[in-house]
S.K.: 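The structure is given below, and queries will be raised subsequently.
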Amino acid sequence: MTNTTSGKAVTKLYPVRHYVKVMLLISFSVLVLDLAISIASIFIVKQQSTRYLQDTADLYINRINHDFAYINHYMGWTLANDESLNTMNAFRINSIEFLKANENLHKRFTELQKNYGLEYNFFYYLKNQSYFLNCALISVTYTDYRELKKQIISYIDDKELYEKFYSKWTPVLVNGKYYVINIVPYYNRYLIGLISADHLIRPLRQINLGANGYASLVDESGISLTSPVSNSGKVLQNNDGVFNRLQPRTTISSEFTSTTFSAEMVIKFGAFEKIMIAQLLIMLLFFIVTSTICVVMLFFKRRVLGPIQSFSENLARINEDGQPADLKSSKLIELEQANDQFKDLVEQIKTFKIAMYEQELEKQQIQLDYMKQQIKPHFFLNCLTSIYSMAQIQMYQEIEDMAMSTSKYFRYLFQNGENFVPLENELEHVRMYLEIQRQRYRDAFIYHIELAEQAGTVMIPPLVLQTFIENSIKYAISRDSEVQIKLTVRRCVNEEEDTELTIIQISDTGPGFPPEVLEKLHSGLPLDQTKGTHIGIMNTLKRLEYLYAKKAAVSFSNLPEGGAVITLTLPDQPDLSSGMERSL
C-alpha cells in the first residue's frame with residue numbers, strides 16, 4: 001500500500017512487532033494442529049485395539065475357566081463314583097483286576113483328553129501302594145515326568161494340600177519350565193490334572209499384538225510363567241530395559257477364576273496403521289510449513305536482519321575515528337528513526353568522553369601531588385628527629401655528616417617533580433638514607449643491596465622503596481642485637497600477558513609485622529593513621545594503585561625465623577601519553 005505526497009510514492013512502514021506477531025501466529029497454529037492430529041490418532045487406534053483384544057481375551061479366559069471347572073468336576077466325580085480306582089486300590093499292582101481297572105480308567109481320561117485337547121495330562125496316585133502313573137497320553141518329557149512325580153508326591157504329603165491345590169489350578173516350576181496343576185484328593189486316592197503354561201497361553205499368541213507384542217501368564221508376584229517369546233516367534237530380550245519402557249505399549253490383564261495366575265497381553269505395534277497415515281499427513285504438513293517458514297525467513301532477512309546488521313556495524317564505529325555511514329532505506333520505522341539520531345549521538349559521546357577523561361587525569365594528578373607532599377615532610381621530620389637525638393649525646397661529627405647527607409638528599413628530591421625516576425637513582429637515595437641511619441644507630445644494623453643487570457634503568461615512582469626501608473628502620477632496629485636489612489631487585493617475564501616485571505624484595509630480621517596489622521594488609525583494609533603512623537605505607541599503596549592502574553602488587557609477610565618481608569611486583573612504566581591518545 002502506497003501514499004502519494006508531492007508527486008513521490010511513499011511505501012508504508014511496519015514495526016518489528018508486526019512481523020513477530022505474524023510468525024508467532026503461524027508457528028502456534030502449526031503446533032496446535034500437529035498436536036491435535038497426533039493425540040486424536042493415537043487415542044482412536046489405542047482405544048479400538050484395546051477393546052478388541054480385551055474382548056478376545058475375555059472369550060478365551062471364559063473358555064479356559066469353563067474347561068478348568070469341568071475337569072475339576074470330572075476328576076472329583078471319578079474319585080468318588082468310579083469303581084476302577086476302588087479296584088486298583090484294593091488289588092495288587094500286577095493282578096488282573098488291577099490291570100483291567102487301569103485300562104478302564106485310561107479309556108475314560110483318553111476320551112476326556114480328546115474333548116479338551118492333548119495338551120492336558122492326567123495322572124493318578126495311590127498312596128497306600130505308593131503308585132503314581134499317567135491315566136492318559138502324556139505330552140511331557142520323561143525327565144519332566146520324573147520331576148513332576150517327585151514334586152506331586154511331596155505336595156500330597158503336605159498338610160496344607162487342600163488350601164494349595166484342591167479346586168485351584170496352581171503353577172509349579174519343573175526343570176526351568178512352568179506347568180499348571182490341579183490335585184483332587186479322595187481319601188488315599190488322588191487325581192492330578194496338568195497342562196504346560198506355554199500350551200495354555202498358545203491361543204492368545206495367535207492374536208496380532210505387533211512385532212514385539214507378547215502374551216504371557218503371570219503369577220501373583222508378577223513373575224512370567226511362559227517362555228519369553230513374542231507373538232511373531234521372536235525371542236524377547238529383557239523387557240525391563242529403559243528403551244522398552246519408553247516404547248508405547250498397552251497392557252491388558254484378565255483374571256482366571258479358581259487360579260493363582262492371570263493372563264497378560266502387551267501390545268507393541270511397530271506402527272499402528274492409522275497412526276502411520278496420521279504421521280504421513282503430519283510430515284506433509286510439516287514440509288509445507290517448513291517451506292513457508294523458509295520463505296518468510298528469507299523475506300525477514302532482507303527486510304529486517306539486513307538493516308539491523310547495518311545499524312550494528314554503525315554502533316561498532318563509535319570507538320573509531322571514521323564517521324558512521326548512513327543506513328540504507330528499510331521498511332522498519334524504528335531503524336529509520338534511530339538512524340536519524342545516531343550521528344548526532346556519536347558526536348555528543350565523543351565530546352563527553354574527552355571531557356570526562358581529562359577531568360579524571362586532572363583529579364588523579366592532584367591526588368598524586370598531595371600524597372607526594374605528604375611523604376616528603378614525613379621523611380624530613382624523621383631526619384630532624386635523628387639529628388636532634390645525635391645532638392643530645394654530643395655526636396658533633398656525625399651531626400655534620402648527617403646534615404650534609406640530608407641536605408643533598410632533599411636537594412635532589414625537591415628538584416625532581418616526576419612521577420617516575422630510574423631505579424638506580426632510587427636505590428642511591430635508599431643507600432644514602434641507610435648511611436644516615438647508620439650514623440645514628442652505629443652498629444645496630446647492616447644492610448645489603450642486590451641489583452640485577454639491566455634493571456637500573458627501569459623507571460619506578462620515587463620514594464616507594466624509601467617508605468618501606470624507613471618502616472624497617474623504625475620497627476626492626478634494636479640495641480639488643482644487630483639487624484640485617486636486605487634489598488634485592490630482579491627481572492622476570494609475565495608469560496600470561498607477555499610483559500616484563502620488576503620484583504623488589506625488602507626484608508629484615510626484626511620482630512616482623514604484628515598479627516593485627518598483617519591481617520589488615522592481607523585483607524586490603526586501611527591501617528590506623530589517627531596517631532600519625534602508617535601514613536607513608538598507605539600513601540605509597542595508593543600511589544602505586546593510581547600510577548600502575550591497579551596492575552602493581554605489594555605483598556606483606558613474616559619470615560618463619562622472624563622478620564618482615566615486603567615484595568613489590570611492578571610492571572614496566574606504562575605509556576600514559578599513548579594510552580590517552582588511543583582513548584581519545
S.K.: Give, for atom CG of Leu225 and atom NZ of Lys177, the distance between the pair rounded to the nearest 0.5 Å.
M.R.: 13.0 Å
S.K.: Is there a donor-acceptor pair closer than 3.5 Å between any side-chain N or O of Asn65 and the backbone N or O of Thr257?
M.R.: yes
S.K.: How would you list, by chain and number, every residue that makes a salt bridge (charged side-chain N to carboxylate O under 4.0 Å, His left out) with Glu255, sequence neighbours excluded?
M.R.: none
S.K.: List for me each residue that meets side chain to side chain contact (heavy atoms under 4.5 Å, CB included) alongside Ile223, sequence neighbours excluded, and say none if there are none.
M.R.: Tyr178, Asp219, Ser221
S.K.: What are the two closest heavy atoms between Val184 and Gly76, and how far apart are they?
M.R.: CG1-CA, 3.9 Å
S.K.: Who passes side chain to side chain contact (heavy atoms under 4.5 Å, CB included) against Glu500, sequence neighbours left out?
M.R.: Arg491, Val493, Asp572
S.K.: How about Leu217 and Glu264: do any of their side-chain heavy atoms sit closer than 4.5 Å?
M.R.: no
S.K.: For Glu519, what residues pass the salt bridge (charged side-chain N to carboxylate O under 4.0 Å, His left out) criterion, not counting sequence neighbours?
M.R.: none
S.K.: For the residue pair Ile192 and Asn182, establish whether any side-chain heavy-atom pair is separated by less than 4.5 Å.
M.R.: no
S.K.: What pairs meet the side chain to side chain donor-acceptor pair (under 3.5 Å) rule with one or both residues in residues 73-85, with sequence neighbours excluded?
M.R.: Tyr74-Arg108, Asp82-Ser84, Asp82-Arg108, Glu83-Asn86
S.K.: State, with a plain yes or no, whether a side-chain heavy atom of Tyr70 is found less than 4.5 Å away from one of Asn115.
M.R.: no
S.K.: Flag the pair Asp55 and Arg51 as a salt bridge only when some basic side-chain nitrogen lies within less than 4.0 angstrom of an acidic carboxylate oxygen.
M.R.: no
S.K.: With the side chain counted from C-beta on, respond yes when Pro571 and Tyr548 share a heavy-atom pair under 4.5 Å apart, and no when they do not.
M.R.: yes
S.K.: Is any side-chain heavy atom of Leu194 less than 4.5 Å from a side-chain heavy atom of Phe122?
M.R.: no
S.K.: Is Ile503 close to Cys492 at the side-chain level, that is, under 4.5 Å between some pair of heavy atoms?
M.R.: yes
S.K.: Indicate the atoms forming the closest heavy-atom contact of Val218 with Ser224, along with that distance.
M.R.: CG1-CA, 4.1 Å
S.K.: What distance separates Leu148 CG from Asn134 CG, expressed to the nearest 0.5 Å?
M.R.: 11.5 Å
S.K.: Assign the ring pair Phe261 / Phe256 to parallel, tilted or perpendicular, where the plane angle (0 to 90°) is split at 30° and 60°.
M.R.: tilted
S.K.: Check Ser216 against Thr226 and note the closest heavy-atom contact, atom names and distance.
M.R.: CB-OG1, 3.1 Å
S.K.: Sequence neighbours left out, what passes side-chain hydrogen bond (donor to acceptor under 3.5 Å, both in side chains) with Asp198? Give chain and number order.
M.R.: Ser227
S.K.: Can you list the steps and then say if Phe98 with Phe91 is a ring-ring contact (aromatic ring centres under 6.0 Å, His included)?
M.R.: CA-CA 6 Å; Phe98 183 95; Phe91 293 88; 9.0 Å; no
S.K.: Does some side-chain heavy atom of Ile156 sit less than 4.5 Å from a side-chain heavy atom of Tyr190?
M.R.: yes
S.K.: Walk me through whether Thr170 and Val180 qualify under side-chain contact (heavy atoms from CB on, under 4.5 Å).
M.R.: CA-CA 5 Å; Thr170 307; Val180 180; over 6 Å; no
S.K.: Decide yes or no on side-chain contact (heavy atoms from CB on, under 4.5 Å) for Leu570 and Leu544, but give the supporting numbers first.
M.R.: CA-CA 9 Å; Leu570 307 177; Leu544 293 175; 4.1 Å; yes
S.K.: Any chance you could measure His522, atom NE2, to Ser557, atom OG, to the nearest 0.5 Å?
M.R.: 6.0 Å
S.K.: So, using side chain to side chain contact (heavy atoms under 4.5 Å, CB included) as the criterion, who are the partners of Asn175 when residues are at least two apart?
M.R.: Thr143, Asp144, Glu147
S.K.: Under the rule for side chain to side chain contact (heavy atoms under 4.5 Å, CB included), what residues qualify as partners of Leu559, not counting sequence neighbours?
M.R.: Glu561, Val565
S.K.: Please determine whether side-chain contact (heavy atoms from CB on, under 4.5 Å) holds for the pair Ile93 and Tyr131, giving the CA-CA distance in whole Å, both sets of side-chain angles, and the decisive distance to 0.1 Å.
M.R.: CA-CA 8 Å; Ile93 296 174; Tyr131 189 77; 3.3 Å; yes
S.K.: Does any donor atom in the side chain of Arg63 or His66 lie under 3.5 Å from an acceptor atom in the other side chain?
M.R.: no
S.K.: Counting N and O atoms only, with roles assigned by atom type, does the side chain of Glu119 sit under 3.5 Å from a partner on the main chain of Gln113, one being a donor and the other an acceptor?
M.R.: no
S.K.: What is the distance from atom CZ of Phe109 to atom SG of Cys135, rounded to the nearest 0.5 Å?
M.R.: 4.5 Å
S.K.: Give, for atom CD of Glu220 and atom OG1 of Thr259, the distance between the pair rounded to the nearest 0.5 Å.
M.R.: 8.5 Å
S.K.: Report yes if the side chains of Phe513 and Leu521 come closer than 4.5 Å at any heavy-atom pair, otherwise no.
M.R.: yes
S.K.: Who passes ring-ring contact (aromatic ring centres under 6.0 Å, His included) against Phe123, sequence neighbours left out?
M.R.: Phe132, Tyr145
S.K.: Among all residues two or more places apart in sequence or in another chain, which pass the side-chain hydrogen bond (donor to acceptor under 3.5 Å, both in side chains) test with Thr499?
M.R.: none
S.K.: Find the distance between CD1 (Ile195) and CD1 (Ile201) and round it off to the nearest 0.5 Å.
M.R.: 10.5 Å
S.K.: Check salt bridge (charged side-chain N to carboxylate O under 4.0 Å, His left out) between Lys114 and all other residues, then give those that pass, not counting sequence neighbours.
M.R.: Glu111
S.K.: With no hydrogens and no angle check, is any side-chain donor or acceptor of Asn121 less than 3.5 Å from a backbone partner on Ala136?
M.R.: no
S.K.: Run the numbers on Tyr125 and Leu191 for side-chain contact (heavy atoms from CB on, under 4.5 Å), then give the verdict.
M.R.: CA-CA 7 Å; Tyr125 176 66; Leu191 279 176; over 6 Å; no
S.K.: Just say parallel, tilted or perpendicular for the rings of Trp169 and Tyr120, cut-offs at 30° and 60°.
M.R.: perpendicular
S.K.: What residue pairs, at least two apart or across chains, pass side chain to side chain donor-acceptor pair (under 3.5 Å) with a residue in residues 97-106?
M.R.: Asn102-Tyr124, His106-Thr110
S.K.: Any donor and acceptor pair, going by atom type alone, linking the side chain of Gln129 with main-chain N or O of Met88 inside 3.5 Å?
M.R.: yes
